[in-house]
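What follows is a single structure, written as structure tokens, with notes after it.
What you see is a predicted model, and the numbers here were worked out from it, not measured in a lab. In what follows, chains carry the letters A, B, and so on, assigned in the order in which the sequence lines appear, proteins first and then strands, with residues in each chain numbered from 1.
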Protein chains: 2
Amino acid sequence: MRIQQLEYLEKIVETGSINEAAKQLFISQPSLSQAMKEMEKEYKIQLFYRTKLGITLTNEGREFINYSRGILDQVNLLDERFGKTTTRKHIFSVSGQHYAFVVHAFVELVKKIGQDEYQFTLRETQTQNVLDDIQTFKSELGLNDL
Amino acid sequence: MRIQQLEYLEKIVETGSINEAAKQLFISQPSLSQAMKEMEKEYKIQLFYRTKLGITLTNEGREFINYSRGILDQVNLLDERFGKTTTRKHIFSVSGQHYAFVVHAFVELVKKIGQDEYQFTLRETQTQNVLDDIQTFKSELGLNDL
DNA sequence: GCGCGTTACGGGCGCCGTAAGGATG
DNA sequence: CATCCTTACGGCGCCCGTAACGCGC
């Protein structure tokens, strides 16, 4: 079992959907699905009922995530004490309209640079908001189709 | 950070030596050394003072291992609840005199079979004890140079 | 057909082992 | 020179991404 898998699980429960969780975790949906399968196999339990409207936890799954949170809480304590997040990160933010190529390029950038030194933010909004974000220095980069 | 790395750290502290810990963990000493370096780099801390007589924890290292134990305790709770150890494992034990080739073959076996279904034990002792172990069914296999 | 999750498969990175190096008693 | 740890380097396994599939609305 990897700590990462537990974090994945948390996100899935939070969103109620493997698809949505995968987007927020910046990984592909099959990878996430497989990661959960691995844990289910490792502990020989079933975590979710898979339905067409996302997923719901089984009773075992509910119990499992309680233990999982105990672990993640301890991990967070360690990370906070030993400066995983204490060092102020540089910020790089992009505001733009919703286009697949924007999201894709942004994800690729995040993966290439890594999140050790930078805090990345992508804001998907409307034309005028993009202009405002740039004018107020809320984002470093704006994309419009004007 | 991997849970495995924390378990490695525990063993090193327990034995006071990277060399000895590596033997007990069935991994090579450089691998273990590298695993600790990775954590030190990840959190930008120094865990040990490396001396010729093994290692000793730094103050930061002492604090780190306290957090580490908090995590491992939670992990153990989960493992115990979800049957990592509950299913009784088959036992395969070997008693023999201390020979490098015996240790090597044993380790290779453990790696090949895996520790999911079997509980492996290697007893290194003297000729008579080997005979006793076999006679009392304490071990399944004995090796002597008679 | 669209949206959800799964299965199949190839590639790249990371962990481990072997070998060689450095330091200290 | 013996012991302990580190550095260098190659291989294999594992995780992820792309692609194709199954299934229900």
Side-chain angles (χ1 to χ4, degrees), chain A residues 1-9 11-13 15-42 46-58 61 100-101 103-116, chain B residues 1-9 11-13 15-42 46-58 61 100-101 103-116:
Chain A
M1 177 188 65
R2 288 168 287 133
I3 292 170
Q4 195 181 32
Q5 287 173 321
L6 300 181
E7 293 168 344
Y8 286 177
L9 176 59
K11 182 63 78 177
I12 291 176
V13 173
T15 61
S17 155
I18 294 185
N19 252 287
E20 181 57 28
K23 289 175 189 167
Q24 295 190 23
L25 292 167
F26 293 125
I27 64 172
S28 72
Q29 183 274 329
S31 296
L32 184 54
S33 178
Q34 187 184 343
M36 294 301 102
K37 284 263 174 186
E38 287 170 17
M39 274 208 299
E40 289 184 314
K41 183 178 178 184
E42 178 177 358
Q46 183 181 356
L47 292 171
F48 319 108
Y49 298 115
R50 275 84 166 171
T51 77
K52 294 302 124 189
L53 311 173
I55 55 90
T56 55
L57 283 170
T58 63
F101 79 92
V103 176
H104 185 259
F106 188 80
V107 170
E108 289 303 313
L109 178 71
V110 171
K111 287 194 294 189
K112 177 158 188 169
I113 304 298
Q115 301 188 50
D116 291 346
Chain B
M1 177 188 64
R2 289 168 287 134
I3 293 171
Q4 195 181 32
Q5 287 173 320
L6 300 180
E7 293 168 344
Y8 287 177
L9 175 60
K11 182 63 79 175
I12 291 175
V13 173
T15 61
S17 156
I18 294 184
N19 252 288
E20 181 58 27
K23 289 176 189 167
Q24 296 189 23
L25 292 168
F26 295 125
I27 64 172
S28 72
Q29 182 274 329
S31 294
L32 184 54
S33 178
Q34 186 185 342
M36 294 302 102
K37 284 263 173 185
E38 286 170 18
M39 273 208 299
E40 289 184 314
K41 184 179 179 185
E42 179 177 358
Q46 183 180 358
L47 292 170
F48 320 108
Y49 298 116
R50 275 83 165 172
T51 77
K52 294 303 124 188
L53 310 174
I55 55 89
T56 56
L57 284 170
T58 63
F101 79 90
V103 177
H104 186 260
F106 188 80
V107 169
E108 289 303 314
L109 178 70
V110 171
K111 286 194 293 189
K112 177 158 188 169
I113 304 298
Q115 301 189 50
D116 290 345

B:Gln29 side chain vs B:Ile18 backbone, donor-acceptor pair below 3.5 Å: no
Length of the CD1-P vector between A:Ile27 and D:dC14, whole Å: 18 Å
Candidates C:dC15, C:dG5, D:dC5 - which lies nearest the side chain of B:Gln29: D:dC5
Sugar-phosphate, base or nothing in reach of B:Gln5, heavy atoms under 4.0 Å: nothing
B:Asn19 side chain near D:dC5 phosphate (N/O to OP1/OP2, under 4.0 Å): yes
Sugar-phosphate, base or nothing in reach of B:Phe48, heavy atoms under 4.0 Å: nothing
Closest to the B:Ser31 side chain, choosing from D:dT7, C:dC16, C:dT7: C:dC16
Sugar-phosphate, base or nothing in reach of B:Phe26, heavy atoms under 4.0 Å: sugar-phosphate
A:Lys52 or A:Lys37, whichever maps to the more 5' nucleotide of DNA chain C: A:Lys52
Nucleotide of C:dT6, D:dC15, D:dT6 approaching A:Arg2 most closely (side-chain heavy atoms): D:dC15
Main-chain N/O of A:Glu20 paired with A:Thr15 side-chain donor or acceptor, under 3.5 Å: no
B:Tyr49 OH to C:dT24 C1', straight-line distance once rounded to whole Å: 19 Å
Separation of C:dT7 C1' from A:Glu40 CD (nearest whole Å): 15 Å
Side-chain N or O of A:Arg50 closer than 4.0 Å to phosphate OP1/OP2 of C:dC4: no
Whole-Å distance separating the CG atom of B:Leu25 from the P atom of C:dG17: 10 Å
Out of D:dC16, C:dG5, C:dT18, whichever nucleotide has its closest atom nearest the side chain of B:Ser28: C:dT18
Sidechain-backbone polar pair: A:Gln5 side chain, A:Arg2 backbone, donor-acceptor under 3.5 Å: yes
Donor/acceptor link under 3.5 angstrom from A:Ser33 side chain onto base of C:dG5: no
Test item: B:Thr58 side-chain N/O and B:Gln46 main-chain N/O as donor-acceptor pair under 3.5 Å: yes
Protein-nucleotide distance (B:Gln4, atom CD; D:dG13, atom P), rounded to Å: 16 Å
Short side-chain N/O contact from B:Tyr8 to OP1 or OP2 of C:dC16, under 4.0 Å: yes
Gap between atoms NZ and C1', on A:Lys23 and C:dC4 respectively (whole Å): 11 Å
Spacing between B:Ile18 atom CD1 and D:dT7 atom C1', to the nearest angstrom: 14 Å
Minimum-distance pair of heavy atoms, taken over all atoms of B:Met39 and B:Leu47: CE-CD1, 4.3 Å
Nearest-angstrom distance from the residue atom CG of A:Leu53 to C1' of D:dC23: 13 Å
Verdict with supporting geometry, A:Phe48 and A:Thr56, side chain to side chain contact (heavy atoms under 4.5 Å, CB included): CA-CA 5 Å; A:Phe48 319 108; A:Thr56 55; over 6 Å; no
Touch class at under 4.0 angstrom, heavy-atom based, for A:Glu20 against every strand present: nothing
Touch class at under 4.0 angstrom, heavy-atom based, for B:Ile55 against every strand present: sugar-phosphate
Closest listed nucleotide, where the reference is the side chain of B:Glu38 and the choices are C:dA19, C:dC15, D:dC16: C:dC15
Listed nucleotide nearest any side-chain atom of B:Pro30, set C:dA19, C:dC15, D:dC16: C:dA19
